[in-house]
Amino acid sequence: MEKQVRVRFAPSPTGALHIGGVRTALYNYLFAKKMGGIMILRIEDTDQTRFVAGAEKYIQESLEWCGIKLDESPWNGGQHAPYRQSERKPMYMAYALRLVEEGNAYYAFDTPEELEEMRTRLEAAKVVSPQYNAITRTQMKNSLTLPEDEVKRRLASGEPYVIRLKVPRKEEVRLQDMIRGWIMVHSSAIDDKVLMKSDGMPTYHLANVVDDHLMEITHVIRGDEWLPSAPLHVLLYKYFGWEDTMPQFAHLPVLLKPTGEGKLSKRDGDKFGFSVFPLQYHDPENPQNSSSGFREDGYTKEAFINFLAFLGWNPGQGSQKEMFSMEELIEAFSIERIGKAGIKFDINKAKWYNQQYLKLKSTTELTEFLFIDLKANHLVCEQSKAEKITDLLKERIVFPTDLYKEGIYFFKTPTTYDPEIVKSRWNDEVKTALNGIKEALSLESEITAASVKELIHSVLEKLGIKMGKVMQGVRLAITGVGAGADLMETMAILGKTEVLKRIELSLKVLG
RNA sequence: GCUCAGUUCGUCUAGGGGUUAGGACGUAUCCCUUUCACGGAUAAAACACGGGUUCAAGUCCCGUACCGAGUACCA
């Protein structure tokens, strides 16, 4: 029987969780659930200098909103707790030491200044990529070059040191990526990466391999930016003797800016006018670091997830289905169908998805959104009227707030009239029609969409005016704008008195 | 620079040797309608380039170009 699938999403709490991170989490989740496996979240907080308070909470809330459920995490525990690397700190040194003892790693005492000096020296000597490696380490201060007693003395004196991986000089490192196939890298292209930092914390490379092994991770699904260091991780698995249980790798293609130049970054949200974060983010220490989120922009989570899932993945096999619920995504998902190329971000598709999902919602549900904006603007409205308005408008909205934005004229008598429409559509014929409608309307007791339509028809017929020529002017008089939902329905909701009032007002204001 | 990846309509993509290269978003036009939208229909729009392999290449191989990622005691 196959081993149970265990995947992890491993963000670092350095700020708001980027949309690309959400996608990585989503793919992990979809794969885990598809395989009947376990989804784990591990907080990678080994860099204390970049720690941001509140970031972890943000990650948690984001995933909750998306409906990505965690089987094991810092918040709900699990058999491999703790799930924060900072809390696992004591474990890592032993593994690093084991590497040192077995001759696969070594102590290094070089100061930042000395490292900098080495780089400038190498650059001056026209070395293309200065790195700490099999060649240069012979000239640095480490346990490979220093006498044994000197190393012991430095260690005992509490002098700061790091532990570096001793990368072999000539060796072919290969790994199989589930998305990209076989990848081969020569060890000379990898430098002697730091495994343990001088503050006693492991670097990502060590921590990730140790934790993935300990947590029995079977598949590592992560961003493309890790691909270049994946061979290094393979080397670590090898030195630890964990090759047999090494997870399978899948490196996801990056999300690019709409222009395609570089990956989508925090700043791009402002630049291109859309959010790059799932939730609104407020940085208490750095308010200008705050950002808008998809949730607050009015995207439903269903649309957000559907949109995100299709950024680099599709069900293939000739499927033309675009709308997928989380359950359907799980059912259809496979790593093999993830693309290799970077994806340019296009917010239009997200808007379209949102529109589709909003249409699927019931009028009652949508009316809730209308009430939110109504309350915020200190307006009251009867439930039945609000539902009628929602019903009328629901086909035209992209965001829930459009209900209020589009329907503002239901709640406020227009005080201004769209100058463009006034210019092109306001004329004597319209005024004649309006006067005729006003007269006929004042004789009515109450109106319905059908009755008012009939009324207008007969008035215009009597006056010898074609409907198409004046109706936009009539709309302007009643709503102040040139576009909107069915005008007859609109008038019926407004009621006879209000319609009359507005006609008179327009005649007075526009002359 | 070096290493590793990638390249089908403007965008997301289907396609796995033989297709009029399909769909979706967006765009345009038409229909519906009192207008705008919705809906329906139609259209414009792509295999980066050059070599091979093959009877046959978007599909396989090799170069070139371009694009991206990585190149930290960051993840």
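Throughout, protein chains are lettered first and strands after them, A, B, ... in sequence-line order, and every chain is numbered starting at 1.
- Each of A:Arg164 and A:Gly316 lies near RNA chain B, and the nucleotide nearest A:Gly316 is the one positioned closer to the 5' end.
- Remark: A:Asp212 engages A:Arg8 in a salt bridge, criterion side-chain N to carboxylate O under 4.0 Å.
- A:Gly262 comes within 4.0 angstrom of sugar-phosphate atoms only, judged by non-hydrogen atoms across all strands, and of no base.
- Among the protein residues, A:Val162 comes within range of the nucleic acid bases, having at least one heavy atom under 4.0 Å from a base atom.
- Ion pair A:Glu56/A:Arg84 flagged as a salt bridge, since at least one NZ, NE, NH1 or NH2 atom sits closer than 4.0 Å to an Asp/Glu carboxylate oxygen.
- Contacts of A:Gln131 with the nucleic acid, taken as non-hydrogen atoms under 4.0 Å apart, are absent.
- A:Asp486 comes within 4.0 angstrom of a nucleotide base, judged by non-hydrogen atoms across all strands.
- Using a 4.0 Å heavy-atom criterion, one finds that A:Arg222 contacts no nucleic acid atom at all.
- Here the side chains of A:Tyr299 and A:Phe307 are not in contact, with every heavy-atom distance at 4.5 Å or above.
- Residue A:Phe310 is in sugar-phosphate contact alone, with no base atom involved, counting any heavy-atom pair closer than 4.0 Å across all strands shown.
- The separation of B:rU59 from B:rG51, taken at their P atoms, amounts to 14 Å, rounded to a whole angstrom.
- The interatomic distance linking A:Leu195 (CG) with B:rA75 (P) rounds to 12 Å, in whole Å.
- A:Lys266 has no carboxylate O lying under 4.0 Å from a charged side-chain N of A:Asp268, or vice versa, which leaves the two without a salt bridge.
- Nucleotide B:rU27: paired with B:rA43 (Watson-Crick or G-U wobble, both distances less than 3.5 Å).
- Note: CD (A:Glu123) to C1' (B:rC2) measures 13 Å, nearest angstrom.
- If A:Met196 and A:Trp182 are placed on RNA chain B by their nearest nucleotide, the residue sitting closer to the 5' end is A:Trp182.
- Proximity note for A:Met471 (side chain, C-beta onward) versus B:rU7, B:rU34, B:rC12: the nearest is B:rU34.
- Between A:Lys321 and the phosphate of B:rG23, there is no side-chain N or O to OP1/OP2 separation shorter than 4.0 Å.
- Looking at A:Arg475, its side chain has no donor and acceptor atom pair within 3.5 Å of the base of B:rC36.
- Only the P atoms considered, B:rG15 is 15 Å distant from B:rG23, to the nearest whole Å.
- One can place CG of A:Asn354 at 14 Å from C1' of B:rC25, the figure rounded to the nearest angstrom.
- Here CG of A:Leu366 is found 12.0 Å from NZ of A:Lys359. Values are rounded to the nearest 0.5 Å.
- Ion pairing of A:Asp199 with A:Lys89 is absent here, as no side-chain N (NZ or NE/NH1/NH2) approaches a carboxylate O to less than 4.0 Å.
- Checking B:rC38, B:rG23, B:rA14 against every side-chain atom of A:Glu395, the shortest atom distance belongs to B:rC38.
- One interatomic measurement links the two molecules: CZ of A:Phe274 to C1' of B:rC25, which rounds to 15 Å at whole-angstrom precision.
- Between A:Arg154 and A:Leu146 the shortest side-chain heavy-atom distance falls below 4.5 Å.
- Checking the phosphate oxygens (OP1, OP2) of B:rA14, a side-chain nitrogen or oxygen of A:Arg337 falls inside 4.0 Å.
- Nucleotides B:rC62 and B:rU20 are separated by 32 Å at their C1' atoms, to the nearest Å.
- For A:Gln355 and B:rC38, the CD to P distance is 6 Å, given to the nearest whole Å.
- Distances shown here put every side-chain N or O of A:Lys263 at or beyond 4.0 Å from the OP1 or OP2 atom of B:rC67.
- Straight-line distance from the CD1 atom of A:Ile456 to the P atom of B:rU33: 17 Å, rounded to whole Å.
- If you check every strand for non-hydrogen atoms under 4.0 Å, A:Lys349 touches a base.
- Not one side-chain nitrogen or oxygen of A:Arg180 sits closer than 4.0 Å to the OP1 or OP2 atom of B:rG68.
- Using a 4.0 Å heavy-atom criterion, one finds that A:Glu261 contacts the sugar-phosphate atoms exclusively.
- No salt bridge links A:Asp391 with A:Lys388; every basic N to acidic carboxylate O contact stays at or beyond 4.0 Å.
- Residue-to-nucleotide contacts include no donor-acceptor pair under 3.5 Å from the side chain of A:Thr203 to the base of B:rC73.
- Nucleotides B:rA45 and B:rU8 have their C1' atoms positioned 12 Å apart, rounded to a whole Å.
- At the heavy-atom level, A:Ser198 lies under 4.0 Å from base atoms of the strands shown.
- Counting any heavy atom pair closer than 4.0 Å across all strands shown, A:Gly312 reaches sugar-phosphate atoms only and no base atom.
- Nucleic acid contact for A:Asp110: base, since at least one base atom lies under 4.0 Å from a heavy atom of the residue.
- Checking the phosphate oxygens (OP1, OP2) of B:rC67, no side-chain nitrogen or oxygen of A:Lys340 falls inside 4.0 Å.
- Atom-to-atom, CG of A:Leu256 to P of B:rU7 comes out at 12 Å; the value is rounded to the nearest Å.
- Counting non-hydrogen atoms under 4.0 angstrom, A:Thr49 reaches nothing in the nucleic acid.
- Here A:Ile183 lies in heavy-atom contact (under 4.0 Å) with sugar-phosphate atoms only.
- Residue A:Lys359 has a polar side-chain atom (N or O) positioned under 4.0 Å from OP1 or OP2 of B:rG39.
- B:rA57 and B:rC47 have their C1' atoms separated by 11 Å, given to the nearest Å.
- Distances shown here put every side-chain N or O of A:Ser319 at or beyond 4.0 Å from the OP1 or OP2 atom of B:rG23.
- Spacing between atom CH2 of A:Trp352 and atom P of B:rC38 amounts to 12 Å, rounded to whole angstrom units.
- Within the 4.0 angstrom heavy-atom criterion, only backbone atoms of the sugar-phosphate kind lie near A:Met184; the bases stay farther away.
- Look at B:rA57: it lacks any Watson-Crick or wobble partner with both distances under 3.5 angstrom.
- Listed nucleotides B:rA69, B:rA75, B:rU34 differ in distance to A:Pro228; the shortest reach to its side chain belongs to B:rA69.
- Between A:Gln85 and the choices A:Asp47, A:Asp211, A:Asn208, the side-chain hydrogen bond (donor to acceptor under 3.5 Å, both in side chains) rule is met once, by A:Asp211.
- At B:rU11, none of the side-chain N or O atoms of A:Asn348 fall inside 4.0 Å of OP1 or OP2 (strictly under the cut-off).
- For the P atoms, the distance from B:rA41 to B:rC32 is 15 Å, rounded to whole Å.
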